[in-house]
Amino acid sequence: MKILMVCLGNICRSPMADGLLRAKVQKEGLNVIVDSAGTGGWHAGEAPDPRMQETGAKNGVPIDFLRARKFSVTDFDEFDQIYVMDSSNYNDVIAIARSEKDKEKVEKILNLIYPSENRNVPDPYYGGAKGFQDVFDMLDKATDEIIRQLKIDE
Ligand code: 4NP
C-alpha cells in the first residue's frame, strides 16, 4: 500500500500529513509507504516551512527531514491512494489524470472524517501561527482515520 499526500507548495499541509501518517504507520507496524508532493514546483528541494516544522515538533511529529517535490503524472502509477488538501489541489490533480482508474485514487483528505462535505484544509502559508496548529489538528484526525481503515483492511 502506497499513500501520497498532495497540496500546493508541498511545504506546509502535505508534509505535515505525510509526517503524521509516517509516524502512525511506524508506530502500528503497518506495511505502508507514505510520501507527499505539491501541484506547484516553486519549493522543490526545500524543507517544510519553518512554521510547519515548529508546529510538528511542538506536537511530537518532526518533519524537518522531508523535502518538497512536484506532483507528477507517474504518481498515479506509483501510489494506490492520493489525498489532496483542498478543491484547488483536487482540480489540478484530476486535470492530469489519464483514466477513471487514476481519478478514483484521488480524494479530499477531510472527506475521511466529514464524509461528502468536501471540506478544505485551509492553506496556512499567508496566515498566523494558529493556522498551523489548526492544520495539524485536522490532519491528526484525518490520519487517525486512515490508520483505522488500514487496520480493518489488514
Ligand atoms: P502548502 O502551502 O500548499 O500547504 O504547502 C503553500 C506553500 C507555498 C505556497 C502556497 C501554499 N506558495 O505560493 O509559495
Side-chain angles (χ1 to χ4, degrees), residues 2-26 32-98 102-147 149-150:
K2 296 180 87 172
I3 298 176
L4 183 68
M5 302 295 189
V6 174
C7 64
L8 176 59
N10 193 210
I11 54 168
C12 298
R13 294 165 292 175
S14 63
M16 195 65 255
D18 179 344
L20 272 159
L21 189 60
R22 277 186 205 216
K24 292 175 188 186
V25 158
Q26 190 173 20
V32 178
I33 287 172
V34 186
D35 195 14
S36 59
T39 56
W42 318 283
H43 297 281
E46 291 179 18
D49 185 295
R51 298 165 295 175
M52 196 75 259
Q53 284 195 47
E54 194 180 321
T55 303
K58 205 168 63 186
N59 289 274
V61 186
I63 53 168
D64 51 296
F65 59 93
L66 296 172
R67 293 296 176 268
R69 71 170 178 89
K70 191 173 191 290
F71 179 80
S72 151
V73 71
T74 58
D75 285 319
F76 286 115
D77 303 320
E78 190 74 18
F79 292 90
D80 302 296
Q81 185 81 57
I82 298 169
Y83 287 112
V84 296
M85 302 297 131
D86 64 25
S87 299
S88 167
N89 311 149
Y90 183 85
N91 293 335
D92 290 344
V93 169
I94 290 292
I96 61 167
R98 303 152 302 181
D102 284 356
K103 290 182 187 176
E104 282 167 10
K105 295 184 176 186
V106 188
E107 176 67 288
K108 289 176 77 175
I109 193 166
L110 291 185
N111 280 344
L112 285 164
I113 47 174
Y114 306 106
S116 308
E117 291 189 22
N118 283 318
R119 292 196 196 188
N120 296 319
V121 180
D123 187 345
Y125 191 64
Y126 297 106
K130 183 176 179 297
F132 285 85
Q133 186 62 47
D134 289 346
V135 164
F136 181 93
D137 293 340
M138 289 174 205
L139 294 175
D140 192 25
K141 290 196 187 83
T143 51
D144 275 348
E145 176 58 22
I146 295 174
I147 292 292
Q149 292 184 7
L150 286 169

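Counting convention: from 1, in listed order, for ligands and their atoms alike.
Nearest approach of D123 to L8, heavy atoms of both residues: OD2-CD2, 4.3 Å.
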Using distance only, find each side-chain donor-acceptor pair of residues 56-66 under 3.5 Å and give its atom names and separation, not counting sequence neighbours.
{"residue": "N59", "atom": "OD1", "partner": "Q133", "partner atom": "NE2", "Å": "3.3"}
{"residue": "N59", "atom": "ND2", "partner": "T55", "partner atom": "O", "Å": "2.7"}
{"residue": "N59", "atom": "ND2", "partner": "Q133", "partner atom": "OE1", "Å": "3.0"}

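Protein residues having a heavy atom under 4.0 Å from any atom of ligand 1 are C7, L8, G9, N10, I11, C12, R13, H43, D123, Y125, Y126, listed by chain and number.
Taken to the nearest 0.5 Å, the CG atom of L21 stands 11.0 Å off from the CG atom of D140.
No salt bridge links D49 with R13; every basic N to acidic carboxylate O contact stays at or beyond 4.0 Å.
Side chain of N111 to main chain of N118: a donor-acceptor pair is present (N/O by atom type, distance under 3.5 Å, no hydrogens or angles).
Here the two rings, on F71 and F76, have centers that are under 6.0 Å apart.
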